[in-house]
Amino acid sequence: MEDKKKATRARNTSIDIAKTIAFLGMSVLSYILIFNGSMVLESIPMIILHGKFTGALFFLLGVSFFLMVKKYVRYGNMPKLSKIRNQVIYRSLFFIILGYLLFAFWPNDILHIYGIFIIIGIIVMNSKSTVLWSISFLLIAGFAILFGAMEFPSDWYDLTNSPVQTFSPKYQISKILYLGKYSVVPYAAFFILGIWYSGLKLTKPETHLLVFRIALPVFIILEIGSLIFKNYIPQLEIGDFEWLVRLLSTTQSNPPLPLFVISTLAFSLSLASGSYLLKEKFDGNSLIKILERGGRMLFTLLVFQALLGILTLNIFSEVLLQSIGFTIIFNVLFVFLSITIVLFMSISNRRGPIEGLMRSFTGYKKKK
């Protein structure tokens, strides 16, 4: 019994570790793009990593979501399942409201999208693995079909509009469903597959070792293969179809076509299972403890990331923001401040203030 409890704790904290890594990676890349987007977007590291950390974070949030309701779903405790479902619905509303408050000033907000993904999670949380994979496949294929069939705006990925247009119901529905930066089609597939992943035997190191040994090589092969094929395309002399071949063979997130989604899924699985193996090997290490604590206050860190980005864009001039030196210094300070926040909040609390607000909003009561 003691070993079982220990394994369960290790599994949960390893997801916290992975979430912190994904958060830091996503944040650093977001700041680089905002400050120096046109200068670095075509660089090899950006081609490989852009969008991967965000997709991984949605995947890990899907894992965390199902771990929260797993015991009620698996053992059919309907009264408690109904209660936890209500709490999850309130949690969804909390993140939608908070996210849109940030989204009005910060275009990279993911909290409002996460709130919408939670609603999807409530719908599919009783589903079997085959159903979860089928829905995910439809979302991935659905975007590819939509992208080919519809005339997307040339700047669809980073649309900038007046506040009236941005928050109009018609525009928001299309943005949430398929037109937005992290729209339901196809990004909800990561969240849903996170639910599938959390149903595996995650207390066994063998499971993580197997997943890691499969997922990491798949990610590396896809990325290297895509880069090599990209340089080989001109030699094919396919004329008018060259743009289509480039799109279908790229693992870049703009647009999130199937090869990007598959690569990001492999990256997410590698990160999740790799974090478990890392936890097992270096349990008790100071850095591992910081990463664990960061995962427990992820939403506080996401709000901090947005507020810091908003303040920076409003305070500093565009010329300074586009300086490589400023970008490097800013990201170093951001990581340092994030770690400082985690350590400061950990002195008296296990979680951050946003997590506390969320629990108050959802009617959560701490067990005595």
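Reckoned from all heavy atoms, side chains included, excluding hydrogens, waters and symmetry mates.
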Would you say Ile354 and Phe304 make side-chain contact, with heavy atoms under 4.5 Å?
no
Shortest non-hydrogen pair, Ala56 vs Ser268, comes out as CA-OG, 3.1 Å
Closest non-hydrogen atoms of Ala215 and Leu269, given as atom of the first, atom of the second and distance, are CB-CB, 3.7 Å
Practice task
Go through the steps to decide whether Phe219 and Leu265 satisfy the test side chain to side chain contact (heavy atoms under 4.5 Å, CB included), and finish with yes or no.
Solution key: CA-CA 8 Å; Phe219 171 69; Leu265 176 60; over 6 Å; no
Could you tell me how the ring of Phe334 sits relative to the ring of Tyr31: parallel (under 30°), tilted (30 to 60°) or perpendicular (over 60°)? perpendicular
Nearest heavy-atom approach of Ile140 to Pro186 is CA-CB, 4.0 Å
In short, Thr20 meets Gly294 closest at the heavy-atom pair OG1-C, 3.2 Å
*Can you tell if the side chain of Tyr197 reaches within under 4.5 Å of the side chain of Leu202, non-hydrogen atoms only?*
yes
query: So if you build clusters from Ile, Leu, Val, Met, Phe, Trp, Tyr with side-chain heavy-atom gaps below 4.5 Å, do Leu93 and Phe103 land together?
result: yes
- [ ] Please tell me if the side chains of Leu60 and Leu271 come closer than 4.5 Å, counting only heavy atoms from C-beta onward.
- [x] yes
**Prompt:** Any side-chain donor paired with an acceptor under 3.5 Å for Lys70 and Ser198?
**Reply:** no
> Are the ring centres of Phe267 and Phe53 closer than 6.0 Å?
Replying inline: yes
Measure the shortest side-chain to side-chain distance between Tyr187 and Phe117 over non-hydrogen atoms and say whether it is less than 4.5 angstrom. yes
*Is any side-chain heavy atom of Ser263 less than 4.5 Å from a side-chain heavy atom of Glu223?*
yes
The salt bridge (charged side-chain N to carboxylate O under 4.0 Å, His left out) partners of Glu355 (sequence neighbours excluded) come to none
Contacts of Phe95 meeting ring pair (Phe, Tyr, Trp, His ring centres under 6.0 Å) (sequence neighbours excluded), chain-then-number -> Tyr114, Phe299
Any non-hydrogen side-chain atom of Arg91 less than 4.5 Å from a side-chain atom of Met358? yes
Identify whether the distance between the nearest side-chain nitrogen and carboxylate oxygen of Glu206 and Lys201 falls below 4.0 Å. no
Validation: residues 308-317 side-chain donor-acceptor distances under 3.5 Å, sequence neighbours left out:
from	atom 1	to	atom 2	distance (Å)
Thr312	OG1	Leu308	O	2.7
Asn314	ND2	Ile310	O	3.1
Ser317	OG	Leu320	N	3.4

Of all heavy-atom pairs linking Ile113 and Tyr182, the shortest is CG2-O, 3.3 Å
